[in-house]
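Take a look at the structure set out below.
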Amino acid sequence: MTKPAQACSKPTVVDAAAIRECLLRLAACRGEGATYCPSEAARQLSHDWRPLMQPVREVAAELVDEGLLVCTQKGVPADPLAARGPIRLARPAKD
């Protein structure tokens with residue numbers, strides 16, 4: 001299994017596709033029910049990661065809408081764009 005820190009290499013251009021790929025790789029590296037912070041993706045994509053937080057949340061929201069990720073805040077389902085403060089992302093539970 002790939003370590004989360006190795007899940008994404010820093011691309012030269014950080015676009016929505018690179019963010020999407022990184023978010024999905026981080027989710028794939030986690031076990032069932034394990035969550036991660038969106039900042040993990042931003043940090044893996046750029047040394048100057050803070051400006052990426054809004055684009056990361058936007059892509060995360062798309063992935064939540066597609067059913068590929070779930071987003072929670074304090075253990076309760078949340079919208080990545082509407083939530084203020086820390087959120088967690090994870091793979092959806094298998095039915």
Side-chain angles (χ1 to χ4, degrees):
M1 180 194 280
T2 304
K3 292 182 180 178
Q6 298 172 338
C8 305
S9 59
K10 290 183 178 35
T12 55
V13 176
V14 180
D15 58 8
I19 294 169
R20 179 184 177 94
E21 180 180 342
C22 191
L23 288 170
L24 291 172
R25 281 188 188 167
L26 283 168
C29 288
R30 300 303 197 275
E32 180 89 18
T35 65
Y36 65 95
C37 180
S39 68
E40 291 181 51
R43 290 171 197 266
Q44 289 184 14
L45 291 166
S46 177
H47 292 290
D48 186 20
W49 60 272
R50 290 185 191 276
L52 285 179
M53 287 306 297
Q54 185 60 33
V56 166
R57 281 187 178 230
E58 290 170 2
V59 173
E62 292 172 9
L63 292 167
V64 168
D65 288 344
E66 293 172 26
L68 298 174
L69 289 179
V70 293
C71 175
T72 58
Q73 187 172 49
K74 297 182 181 179
V76 177
D79 177 342
L81 297 177
R84 296 292 171 239
I87 60 172
R88 305 293 293 179
L89 300 172
R91 293 184 295 179
K94 293 181 183 175
D95 293 333

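Numbering of residues begins at 1 and proceeds along the displayed sequence. Hydrogens, waters and symmetry mates play no part in the numbers below; they use all other heavy atoms, side chains included. Everything quoted here is computed from the prediction, not taken from an experiment.
Here T35 contributes atom OG1 and L26 contributes atom CG; the two are 11.5 Å apart, rounded to the nearest 0.5 Å. Atoms NZ and CD1, on K74 and I87 in that order, are 13.5 Å from each other to the nearest 0.5 Å. The line from CZ of R57 to CD1 of I19 is 13.0 Å long, rounded to the nearest 0.5 Å. Between the CZ atom in R43 and the CZ atom in R50 there is a gap of 6.5 Å [rounded to 0.5 Å]. One distance of note links CZ of R25 with CD of Q44; it measures 9.5 Å at 0.5 Å rounding. In this structure, CZ in R20 is found 4.5 Å from CG in L63, a value given to the nearest 0.5 Å.
What you find for M53 and A42 is that their closest heavy atoms are SD-CB, 3.7 Å. For the residue pair V70 and R91, the shortest heavy atom distance occurs at CG2-O, 3.8 Å. The two residues K94 and E32 come nearest to each other via the heavy atoms N-OE2, 3.2 Å. The shortest heavy-atom contact between A18 and L45 is O-CD2, 4.0 Å. Of all non-hydrogen atoms in Y36 and L23, the two that sit nearest each other are OH-O, 2.6 Å. In terms of heavy-atom proximity, A34 sits nearest to A90 at O-CB, 3.3 Å.
Transitive grouping of hydrophobic side chains (ILVMFWY, heavy atoms separated by less than 4.5 Å) keeps V14 and W49 in distinct clusters. A single hydrophobic cluster is seen to contain both V64 and L68, as judged by linkage of ILVMFWY side chains at heavy-atom distances under 4.5 Å, directly or through other members.
Formation of a donor-acceptor pair under 3.5 Å by the Q73 side chain with backbone atoms of P86 is found in this model.
A heavy-atom distance below 4.5 Å is found between the side chains of R88 and C37.
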